[in-house]
**Q** 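The structure follows.
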Amino acid sequence: MSGFLEELLGEKLVTGGGEEVDVHSLGARGISLLGLYFGCSLSAPCAQLSASLAAFYGRLRGDAAAGPGAGAGPGAGAAAEPEPRRRLEIVFVSSDQDQRQWQDFVRDMPWLALPYKEKHRKLKLWNKYRISNIPSLIFLDATTGKVVCRNGLLVIRDDPEGLEFPWGPKPFREVIAGPLLRNNGQSLESSSLEGSHVGVYFSAHWCPPCRSLTRVLVESYRKIKEAGQKFEIIFVSADRSEDSFKQYFSEMPWLAVPYTDEARRSRLNRLYGIQGIPTLIVLDPQGEVITRQGRVEVLNDEDCREFPWHPKPVLELSDSNAVQLNEGPCLVLFVDSEDDGESEAAKQLIQPIAEKIIAKYKAKEEEAPLLFFVAGEDDMTDSLRDYTNLPEAAPLLTILDMSARAKYVMDVEEITPAIVEAFVNDFLAEKLKPEPI
């Protein structure tokens with residue numbers, strides 16, 4: 001276990017008091033669940049979370065009175081076998097840019113933190129787990145590294161005593177079990193979803209992008225049903241009142257989790273680690289995730305010809321999917337789109353390499369560390385080039401890491417599969433020198 005943790009966290013962590021702790025000692029202490037808390041001292045929501053998380057952490061571990069980093073010292077390996085809920089440890093991963101502010105923030109934390117100087121490792125963790133909002137808290141199996149729960153904030157709210165520890169993912173059928181509503185008041189059991197593809201739609205009336213997507217999604221739903229496909233959508237409301245829920249749901253021809261069933265709505269948010277709305281998760285008839293990018297797929301495929309939207313290894317960059325550039329490092333091959341076949345040829349060139357990378361990480365049950373795009377010539381691409389200060393050359397092979405404000409550029413006359421593969425492998429091996437965006 002310590003090998004995985006050291007690869008993830010490095011050799012040393014620090015307590016709130018500034019004492020160093022060897023990462024390998026976590027294995028000796030029998031830590032089975034690792035929480036990664038992503039935050040920043042300047043964020044008021046992070047300050048609020050730290051207070052509630054400290055109480056939660058103390059209750060679970062039973063050592064709140066022992067002070068920051070309790071039990072994390074070098075002699076911890078000699079302790080008796082910990083109670084199951086004491087096998088939890090939390091590590092703070094900060095985005096602070098000022099060391100004094102960071103020190104003031106972590107001083108009262110009873111858990112551990114990545115050292116301030118480990119800025120590169122922190123950034124890698126933000127990218128690896130595609131953290132887009134703070135505060136965020138995810139739980140990992142400390143032995144395998146698999147993500148157990150992507151939305152630990154809801155764990156704190158829903159299970160304050162830790163009775164459901166270690167909060168592992170449950171099958172969709174189990175989480176959705178119970179009555180579902182139609183907007184005419186009719187109630188159906190969740191068993192009616194058997195054999196259908198399912199879209200789990202997290203949305204709210206107060207959110208303008210949600211309302212815009214809903215209008216498109218209503219038409220997509222109608223087209224898919226008229227084509228004879230077994231498809232159902234479940235609305236999981238984030239509305240702030242039942243009246244708002246009812247008003248919004250009246251526009252929808254599909255099903256919803258009852259607004260009053262807050263526990264089930266929260267469990268679905270936890271299951272899929274929802275960090276923002278609107279989000280559309282598309283499931284196969286067995287309840288397995290086909291895509292988390294249903295919003296992008298619906299907007300890109302208005303005729304629903306590609307339903308149920310299995311992910312493509314390489315995407316053509318567009319206004320609707322450009323938001324994914326902010327989710328982590330992205331390989332973008334810029335081409336001259338005045339040649340109609342140029343974009344398709346570029347996709348075919350990149351695809352085998354993308355498929356190899358995706359398969360490698362899927363075997364480890366991890367998300368691929370890169371997304372792959374081909375970009376033609378349009379206003380959005382021009383804006384991207386301007387923002388990242390890229391040359392006007394085409395073809396131009398790049399890796400853009402927006403969160404790190406870094407770019408990697410290969411400007412050669414001919415892009416070959418060997419060049420792309422070497423470029424990707426060097427990036428993953430951290431052999432490339434970044435340029436600032």
Side-chain angles (χ1 to χ4, degrees), residues 1 5 8-9 12-23 25-41 43-77 79-96 102-115 122 125 129 131 133-143 147-168 266 270 273:
M1 175 176 72
L5 290 176
L8 188 75
L9 303 173
K12 301 286 185 181
L13 298 170
V14 294
T15 67
E19 298 173 10
E20 287 193 339
V21 174
D22 290 333
V23 169
S25 71
L26 301 183
R29 287 168 50 204
I31 297 301
S32 62
L33 193 71
L34 177 70
L36 294 181
Y37 166 21
F38 296 86
C40 174
S41 66
S43 163
C46 290
Q48 293 170 357
L49 173 63
S50 291
S52 58
L53 183 57
F56 176 82
Y57 180 83
R59 281 194 300 272
L60 261 68
R61 291 174 49 87
D63 57 11
E81 179 71 12
E83 291 298 319
R85 289 189 296 175
R86 284 176 61 88
R87 294 179 185 162
L88 167 70
E89 188 52 86
I90 293 172
V91 174
F92 178 57
V93 185
S94 166
S95 61
D96 280 290
W102 173 84
Q103 286 175 329
D104 290 344
F105 195 48
V106 302
R107 182 174 294 124
D108 296 323
M109 291 182 176
W111 46 80
L112 302 170
L114 277 179
K122 292 175 187 177
L125 288 170
Y129 297 108
I131 302 301
N133 296 311
I134 58 170
S136 284
L137 175 64
I138 66 171
F139 291 113
L140 312 176
D141 184 305
T143 301
V147 176
V148 171
C149 176
R150 291 184 178 274
N151 199 331
L153 305 187
L154 291 178
V155 167
I156 297 169
R157 189 191 75 182
D158 297 346
D159 186 24
E161 302 302 323
L163 301 179
E164 298 177 33
F165 180 90
W167 311 295
S266 184
R270 277 168 52 187

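Residues: numbered from 1 along the sequence shown.
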**Q** Any side-chain heavy atom of K122 sitting closer than 4.5 Å to one from L125?
**A**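 Side chain of K122 against side chain of L125, heavy atoms only: no contact under 4.5 Å found.
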**Q** Look up atom CD1 in I90 and atom CG in L137, then write down how far apart they are to the nearest 0.5 Å.
**A**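 Taking CD1 in I90 and CG in L137, the distance rounds to 6.0 Å.
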**Q** Go through the structure and list residues passing side-chain contact (heavy atoms from CB on, under 4.5 Å) with C149, not counting sequence neighbours.
**A**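 F139, V155.
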**Q** Would you give the length of the straight line joining atom OH of Y57 to atom CD1 of I156, rounded to the nearest 0.5 angstrom?
**A**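 That separation rounds to 12.5 Å.
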**Q** Without hydrogens or angle criteria, can the side chains of Y129 and S136 be said to hold a donor-acceptor pair below 3.5 Å?
**A**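 There is no such pair (donor and acceptor under 3.5 Å, judged by atom type) between the side chains of Y129 and S136.
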**Q** Closest approach of V106 and A113, non-hydrogen atoms and distance?
**A**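 Closest approach of V106 to A113, heavy atoms only: CG1-CB, 4.5 Å.
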**Q** Using every non-hydrogen atom in the two residues, find where G39 and C46 come nearest and quote the distance to one decimal.
**A**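 Between these two residues, the closest heavy atoms are CA-SG, 3.6 Å.
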**Q** Find out whether V21 and K12 are in side-chain contact, i.e. whether some heavy atom of one side chain is under 4.5 Å from a heavy atom of the other.
**A**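 No; the side chains remain at least 4.5 Å from each other.
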**Q** Apply side chain to side chain contact (heavy atoms under 4.5 Å, CB included) to the pair Y37 and I138, showing each step before the final yes or no.
**A** CA-CA 7 Å; Y37 166 21; I138 66 171; over 6 Å; no
**Q** Return yes if some donor-acceptor pair links the side-chain N/O of D159 with the main-chain N/O of E164 below 3.5 Å, else return no.
**A**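 A pair under 3.5 Å: yes.
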**Q** Determine whether T15 and L112 make a side-chain contact, defined as any pair of heavy atoms from C-beta on separated by less than 4.5 Å.
**A**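 Counting from C-beta outward, T15 and L112 do come under 4.5 Å.
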**Q** Are F92 and F38, when compared by the centres of their aromatic rings, separated by less than 6.0 Å?
**A**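 So the answer is no for these two rings.
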**Q** Can a donor-acceptor pair be found, under 3.5 Å and without considering hydrogens, that links the side chain of R29 to the backbone of R87?
**A**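 Not a single qualifying donor-acceptor pair exists.
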**Q** Find the distance between CZ (F105) and OG (S43) and round it off to the nearest 0.5 Å.
**A**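 Between atom CZ of F105 and atom OG of S43 there are 7.0 Å.
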**Q** Is the closest side-chain heavy-atom distance between V23 and L8 below 4.5 Å?
**A**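 No, every pair of side-chain atoms sits at 4.5 Å or beyond.
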**Q** Can you spot which of L5, D22, L26 makes a side-chain contact (heavy atoms from CB on, under 4.5 Å) with L13?
**A**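 Of all the options given, the one that passes is L26.
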**Q** Hey, what do you get for CG (L140) to CZ (R150), rounding to the nearest 0.5 Å?
**A**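 Answer rounded to 0.5 Å: 9.5 Å.
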**Q** For L88 and I31: C-alpha separation, side-chain torsions, deciding distance, then whether side chain to side chain contact (heavy atoms under 4.5 Å, CB included) applies.
**A** CA-CA 6 Å; L88 167 70; I31 297 301; over 6 Å; no
**Q** To the nearest 0.5 Å, what is the distance between OG on S94 and CE on M109?
**A**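 So the OG of S94 and the CE of M109 are separated by 8.0 Å.
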**Q** Determine whether the aromatic ring centres of W111 and F56 lie less than 6.0 Å apart.
**A**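 No, the ring centres sit 6.0 Å or more apart.
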**Q** Which residues pass the side-chain contact (heavy atoms from CB on, under 4.5 Å) test with P115, not counting sequence neighbours?
**A**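 side-chain contact (heavy atoms from CB on, under 4.5 Å) check on P115 returns V14, K117, E118.
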**Q** Is there a side chain to side chain contact (heavy atoms under 4.5 Å, CB included) between L36 and L9 once you walk through the steps?
**A** CA-CA 10 Å; L36 294 181; L9 303 173; 4.1 Å; yes
**Q** Nearest 0.5 Å, please: how far is CZ in R61 from CD in E89?
**A**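 Taking CD in E89 and CZ in R61, the distance rounds to 5.0 Å.
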